[in-house]
Q: 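Take this structure, written in structure tokens, and hold onto it; I'll ask about it next.
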Amino acid sequence: MRLVIRDDADTVADYVAEYIKARILQFAPTARRPFVIGLPTGSSPIGVYKRLVGFCADGSLSFKHVVSFNMDEYVGLPRDHPESYHSFMWHHLFKHIDIQPENVNILDGNAPDLQAECEKYEAKIQSYGGIELFLGGIGPDGHIAFNEPGSSLSSRTRVKTLAYETILANARFFGGDVAKVPMLALTVGVGTVMDAREVVVIITGASKANALAKCIEEGVNHMWTVSAIQTHSRSLVVCDDDATLELHVKTVRYFKSIEKVQDELIGRENLGLYGQVAGLLKQASLSSDS
Ligand SMILES: N[C@@H]1[C@@H](O)[C@H](O)[C@@H](COP(=O)(O)O)O[C@@H]1O
């Protein structure tokens, strides 16, 4: 796993947006071989989406051959409710880019058979050969998607009861009224996210500091579901300074030093064996190889 630390949420968004752009360009998707991306909602990815919209507007990136799968959706909230994840995604990203509507996949929280909806979603992901890159955010309790504490680390897409903490945290989107926050959601599982060939997680703000420390400095634990990322062979966490508040100084220094050495390596592209690695790093533009 790599940890990249930036000064604030804006520079985190710059980094992640550039990273995703580099990945899609490098993949060179076509209609027959689309780039399959997993996407989150929440405040964490908004800056990234804004930048991706900018790349599409200036012609440096296209989503024409990108297929998306969203992480989750509330149960029972009308699709056109302003706080549904359908509305969120169209408002912040999809309506501004050239993605083909039929390539957008979001769980239907009003499906007559919710279980069947979840199974269909997993099967559709499989039909594309899996997800290339799953982007995620986390809750203050370390949950990824709606995989609340105690979720199985091998869980698949399913119906999930929300933790009271999550309901409280999300009440800000419902005029501060806890009673208006749905208590159930459909969510991809931890296993669904970890099956992606690459996982990138955004963690910003002091309210996520404890979760970041639990997830990367302690063991893999179902009470902090994003800690499963430790077992992934290609994972990247991008956080801001505020989110590092609970990390050991040596952890922060270690990951900063790794990034510094990689930057130096890229500068030595023509030097023998170092050059080989530097070339690979540069080719990947940025690398999350563990
Ligand atoms: N289901 C979503 C998660 O996918 C998201 O990561 C989390 C954090 O949201 P925010 O980025 O607003 O802190 O909120 C919800 O619980």
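We count ligands from 1, going down the list as the structure has it; atoms in each ligand are counted the same way.
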Q: Under 30°, 30 to 60°, or over 60°: which ring-plane class applies to Tyr74 and Phe174, parallel, tilted or perpendicular?
A: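 Tyr74 vs Phe174 ring planes: perpendicular.
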Q: Using a strict 4.0 Å threshold on nitrogen-to-oxygen distance, state whether Glu132 and Arg33 make a salt bridge.
A: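 Salt bridge between Glu132 and Arg33, a charged N being under 4.0 Å from a carboxylate O: no.
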Q: Within ligand 1, which atoms have a heavy atom of Asp72 less than 4.0 Å away?
A: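 Listed by number with element: 1 (N), 2 (C), 4 (O).
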Q: Among protein heavy atoms, which sits nearest to atom 13 (O) of ligand 1, and what does the distance come to when rounded to 0.1 Å?
A: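 The answer is Lys208 NZ, 2.8 Å.
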Q: Should Ala145 be listed as contacting ligand 1, given a heavy-atom distance under 4.0 Å as the test?
A: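 Yes, that is the case, since the closest heavy atom of the residue is under 4.0 Å from the ligand.
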Q: Can a salt bridge be assigned to the pair Glu117 and Lys120 using a cut-off of 4.0 Å between side-chain N and carboxylate O?
A: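 Result for this pair is yes, salt bridge flagged.
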Q: Measure the distance from atom 6 (O) of ligand 1 to every protein heavy atom, then report the residue, atom name and distance (to 0.1 Å) of the closest one.
A: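 Looking at atom 6 (O) of ligand 1, the protein heavy atom closest to it is Gly137 C, 3.1 Å.
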Q: Specify whether Tyr85 and Phe88 have parallel, tilted or perpendicular ring planes, treating 30° as the upper limit for parallel and 60° as the lower limit for perpendicular.
A: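 Ring orientation, 0 to 90° scale: perpendicular.
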Q: Arg172 heavy atoms, cut-off 4.0 Å: which ligand 1 atoms fall inside?
A: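 Counting atoms of ligand 1 from 1, those under 4.0 Å from Arg172 are 10 (P), 12 (O), 13 (O).
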Q: With atom 5 (C) of ligand 1 as the reference point, say which of Thr204, Leu39, Thr41 has the nearest heavy atom.
A: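 Among Thr204, Leu39, Thr41, the closest heavy atom to atom 5 (C) of ligand 1 belongs to Thr41.
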Q: Looking only at protein heavy atoms, which one is nearest to atom 9 (O) of ligand 1, and how far off is it?
A: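 Scanning the protein heavy atoms, the shortest distance from atom 9 (O) of ligand 1 goes to Gly42 CA, 3.9 Å.
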Q: So, does Ser235 use its side chain to make a donor-acceptor pair with the main chain of Val199 at under 3.5 Å?
A: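 It does not hold such a pair.
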Q: Report yes or no: does Asn110 contribute a side-chain atom to a donor-acceptor pair with the main-chain N or O of Leu77 at less than 3.5 Å?
A: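 Yes, Asn110 side chain to Leu77 backbone: donor-acceptor pair under 3.5 Å.
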Q: Report, in ascending order of atom number, the atoms of ligand 1 lying under 4.0 Å from any heavy atom of His143.
A: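 So the atoms of ligand 1 that pass are 7 (C), 15 (C), 16 (O).
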Q: Salt bridge or not between Arg51 and Asp10? Use side-chain N to carboxylate O under 4.0 Å.
A: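 The answer is yes: the pair qualifies as a salt bridge.
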Q: May I ask you to list the atoms of ligand 1 that are less than 4.0 angstrom from any heavy atom of Ile138?
A: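 Checking each atom against Ile138, I get 6 (O), 8 (C).
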Q: Could you list which atoms of ligand 1 come closer than 4.0 Å to a heavy atom of Tyr85?
A: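 Here the atoms of ligand 1 in question are 1 (N), 2 (C), 15 (C).
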Q: Please write down residue, atom name and distance for the protein heavy atom closest to atom 11 (O) of ligand 1.
A: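 It is Ser44 OG, 2.5 Å.
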Q: Report yes if some N/O of Thr166 lies less than 3.5 Å from some N/O of ligand 1; otherwise report no.
A: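 So ligand 1 has no N or O lying under 3.5 Å from an N or O of Thr166.
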Q: What I'd like to find out is whether the side chain of Phe94 reaches to under 4.5 Å of the side chain of Leu39, using heavy atoms alone.
A: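 A side-chain contact under 4.5 Å exists here.
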